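Quantities reported herein were computed from a predicted structural model and do not represent experimental measurements. Naming: A, B, ... by sequence-line order, numbering from 1 per chain.
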Amino acid sequence: METTKQEQNSPFLTMKGIGKSFPGVRALRNVDFTLRHGEIHALMGENGAGKSTLVKVLTGVYLMDEGSVRLDGVLVVIRSPQEAQKHGISTVYQEVNLCPNLTVAENLFLGREPRTMGLINWRQMNRKAAELLKKLNISADPTAELNSYSIAIQQMIAIARAVNTECKLLILDEPTSSLDADEVKKIFTLMRQLKNSGVGIIFITHFLEQTYEICDRITVLRNGELVGEYEVEKLPRLELVTKMMGKELENLSELTVDKDESRFEGEVPIMEACNLSSGTSRVAPFDLKMYKGEVVGFGGLLGSGRSELVRAIYGADKAVQGQLFIKGKSTRIKNPLEAMKQGMAYLPEDRKGDGIFADLSVRENIIIALQAKHGMFKRLTRKEMGKFADEYIQLLKIKTAGSETPVKSLSGGNQQKVILARWLLTNPEFIILDEPTRGIDIGTKTEIQKLILKLSDEGKCVAFISSEMDEMLRTCSRMVVMRDRQKVGELIQTELCQDTIMRTIAGGEEGNE
Amino acid sequence: MSNFNIGNKSYLPALKPLAMNLLRSRLTFSLVILLIVVVQNIITTPTFFNISITNGFISGYIPNILDEASELVIVTLGMTLVIAVSGGVDISVGAIMAISAAFCGMLLNGAEYRTDVFHSPYILALFFGLLGGALCGAFNGFLVSVLKIQPMIATLILFTAGRSIAKQITFGQTIYIMNPQYKWLGVQIPGVPVRTTIIVAIVIIALVVLFTKLTSFGLYVQSVGINGSASRLVGLNSRVITFMAFVICGILAGVAGLVGSSGVGSVNSGELGLAIEMDAILAVALGGNLLSGGKFSIAGSVIGAYTIQAITTTLYAMSVRADQLNVFKAVIIIMIIVASSDVFKERIKKLSRKKSSKSMPVGGQINEGQ
Amino acid sequence: MKDNKKSAMVSPDFLIKRKALSNAMVLLLITISLYVLLYVISSVMFVDSNFSKYSVFFNLFNNKAYLLMLALGLTVVMITGSIDISVGGVTGLISMVIATMLMKSGVSAIWSIPVALGIGIAFGIVQGFLVAYMEIQPFIVTLSGMFFARGMISVISTQSVPITDKLFMSWSSAKVYIPFLYNARRNGTSDVAYLTPAAIAAILVLIILIIVLKKTKFGRSLYAVGGNPQSALLMGINVKRIKFMAHVLCGLLAGIGGLLFTLLSPSGNPGNGYGYEIDAISSSVIGGIMLSGGLGLPIGTLFGVLINALIERVVPLLGIVEASWPRIITSAFLFVFIVLQSVFAGAGKKGGFKLLRPEWMRFRSRK
């Protein structure tokens, strides 16, 4: 795969003016994207930016509504993944899409096995596999079962498979999400080798540092539109963060919370985590104290580990190291029920998958956590349940035909309110809200923020994760900042403004904390 | 729907939500089928509703159906819980029936193959029978909730071995319990005109309903069945709940076994509850419960069970053999499952969309089906 | 040999989760060792009951040729992560149909072959369609299939129909003697081992299947689909079609099995085939075929069948006359192997025979 110097730097892929809409949502609008031969190009953006849609347009999963795609200057129309493959475009996904029960060689050649007289020639396949692996410097035995290797190696084998077919453009969709630092290094080595042989790589990731380490250029998308395309060397981290989050440096939002600096001197924190972690591929060990009546925000890019951090505290993910103190007492939390008994509550990020019981009624969804706390044999009476349900329907203004309606027929925002009601009903002292306002209308968003402030006034401690900086700024007295699965800093009161937050997220040449 | 007017008021607006609710209710489905069977019976058997008293029993077609359905109803209750909590089925229920009956029978007969004297207290023997059922249920529950083996595979073991084990318990033979008291459970308590089986069935239904509703067990089972990860996050212990469901299923199968063997006065491990698992699954599905688990309706399953029995009795009356009967059942269950399958519903939707010609040009959009 | 190759090629720090042998091989070795162990013990224990005669050994093949077919059918569907419990019913149905056809309709015995295969394939097509394209749980589909088949037997006839057709009987009693494998009998004659045409056919089918599973794209696709259907789809395999074909193949093998069974026991009895699906499943599972799909070698199934036959042969010799003991013992082995497999299942499997797998068993990866 030797290429001339000219080919090396000329654009291989030129996408211009790409537009794609789905019923009710404009996924992409007038997006341009170019990729050169032998370049590693990062595609970044927060939630709903349009990254995956752009890739799906390129690989033929979707047909674009507008725009053009050119490969080496030639206009192409790609209508299916198979056609994309024929043009030399291969994709490797976040979840290793290979068959764990087959051997390495088989996985590399499935569908394209070398044959003799119609039958698969295993010896030849193993030999070719060994050659391919050697060329890419992957240490793996072609005759071994795939699942005898770590995820990192499996990921590399997936890349090897993708590259094996006259590949000119490789798309890596979050390949490093479940890898630790060493494993990431190995993937990068492979990527550099591919780059040197002229393969263009689109690298989709959330990890800032990794982008700066391996990529040549970055394209940032936001809300379906192109923000810009930059050379990595010329883009300071702070600017990147700013562009991704869409906030201008000059645009500060007002503080509306009375932030008394010395409020918590000498108090025992309601929750203290020391060196706590649920596994380094999830979140790096962290220290954190939280006090009664506080609202603590969690800032960081998507995928920076905020959910993982709070889940480790709640026991949703089991802690593998470190200690947890609740009101000063060392505690081991083995499962969510124990956390609940200690006065904790957790509103999960994935409302549909981890939150609602779709076929159960609003009433049942609301009382379920409280019921779990009471135990199987101390059933809440119908009357009590009805009372609680009605109370919260009214309090949170949940729009539903009645308390017996199945929760799946409620809108997303109202479903969220039901889950919120569920947890408020357990009268927690420490409540974790992971993206409570996502996918909700403005009116409800404001209600929820007001509710958070009210909770803190009542003396409860709230951990608040949101992708909307404004919301956190309006309600929080403190902000934990995360980057690349690690807690990198805490900001209090006077430091709380968008500017500082983004600087902390960006870190890098601004100085780490 | 034409206007429904009484006087000057139109009742249509009020009726509509009620009607829609009824239509949507899963119970309706099973009630409709039951209705069809009943109507068909009335047509072919004019004496269908006749009830008379013979030999000190209330008898007639309907009491017969209720009597014969008792074992099935009891087993179906257990199956409902298992399906609801795990989305899987327990195919060992027939074998568990045999094992429980064997335990009980051997205790009563004192290891004699044919006797008319009880060698142990009746109640104790019944208790051991139920214990046998509970142990089998615990075995299944352990495999499913701790070893995380799928229910169908886990229960395959007792399905294969259970009857042979039961036979071994009775020393390889069918044992006969001649003491008339033994027949109290399955036939009649002297002086009571209603067959005991019907009474037992009603009592068990009541117990299960009470247990699932008076404790939060029913709610927990549904929660775990609908969304396991959410259940965990709200503090439920899926493992324990699943385990309990299987144990209860085992106990209920035990009850059915005791009733069944009492009905014939003997323990025949090869015949007791043969192929009842198929009927039970069919009954659950007929009752409007999703075989993939989640929400369940006891009422639905009960109606389903009686409906199946009604169909069976009807077909027997038409001189259809047991084996031949199964052909119909097989076809019916496939039809029901296909009709309620997602794929089928999708195709119906697509067909109706095409007709309404409102479809957006999809043009090359490839569904990866992931 | 395999081990040496590996250590020469790989460097230590990459090999975090290595196993010396693949999972499939380990299970197979356990099976083979079990068989050898049981056989040796039995030979020693029953040295005087003519156990180790060649003819006895080969008769295991003769008597269980049909079971090998059924079990191989199960093996094929189990590899794709599905199951078929109708094979017993299909076997019984085929024997009844052949018997009735030959005896009551006077059809030539030659037709028994296409009829048997046709019935098997028909079941395979219908069940395969329902499982692969309508996406209905295989257990329910094939359970219904079983009931349908058993029911149809009764519809055809409730009485036994013994076959006396000359041509058929000549096939049934044909023997192929193996000249150099004989033992001397007490009365001076030789007891020579023989194979029936059925056994030979079964062995041929086994060999063909081994080749298909190992060396054809179709065979490897079966494993891929069983290992991870989503990945298989992304790698270009038509998952639905493979699942469908697996059931059709199983149906074909059940058809062959039904024919071989009828040759073995030429009579259409209403109770024929009862429980054979259990024997087929046990043989496969004991043979190392993973119920969850994606792993297992057909040669293991052969050993599973041999173990099954051995247990049946040995138990009466232990003085246990009771007919249900062989089943209990086989079930015990089945249990052990199921548990063993669930332990091995920690080898990172995704998808496969997780038919009725509830939400909480599925692994969720977080961002």
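Atom CE of A:M385 and atom OG of B:S216 lie 7.0 Å apart (nearest 0.5 Å). Between B:I226 atom CD1 and A:E364 atom CD the span is 8.0 Å, to the nearest 0.5 Å. Taking CE from A:M376 and CE from B:M244, the interatomic distance works out to 4.0 Å, rounded to the nearest 0.5 Å.
Scanning both residues, B:A230 and A:G355, for their nearest heavy atoms gives CB-O, 3.9 Å. Minimum heavy-atom separation, A:F357 to B:S231: CE2-OG, 3.4 Å. Taking all atoms of both residues into account, the shortest heavy-atom contact from A:F377 to B:T215 is CD2-CG2, 3.7 Å. For the pair A:M340 and B:L233, the tightest heavy-atom approach, listed with the atom from each and the gap, is SD-O, 4.2 Å. Residues A:A372 and B:V234 approach most closely at CB-O, 3.2 Å, considering heavy atoms.
In this structure, no portion of A:L347 lies under 4.5 Å from any heavy atom of chain B. In this structure, chain B has a heavy atom under 4.5 Å from the side chain of A:R422, while its backbone stays farther away. Both the backbone and the side chain of B:F217 come within contact range of chain A, each with at least one heavy atom under 4.5 Å from a heavy atom of that chain.
Residues B:N237 and A:N335 are not in side-chain contact: their nearest non-hydrogen atoms beyond the backbone lie 4.5 Å or more apart. Side-chain contact between B:L219 and A:I368 is present, with heavy atoms from C-beta onward closer than 4.5 Å.
Heavy-atom contacts from other residues, nucleotides or ligands closer than 6.0 Å to CZ of B:F211 number more than 12.
Between the side chain of B:N227 and the backbone N or O of A:I356, at least one donor-acceptor pair lies under 3.5 Å. The backbone N or O of A:G353 lies less than 3.5 Å from a partner atom in the side chain of B:S229, making a donor-acceptor pair. A distance-only check finds no donor-acceptor pair linking the side chain of B:R232 to the backbone of A:P336 [under 3.5 Å].
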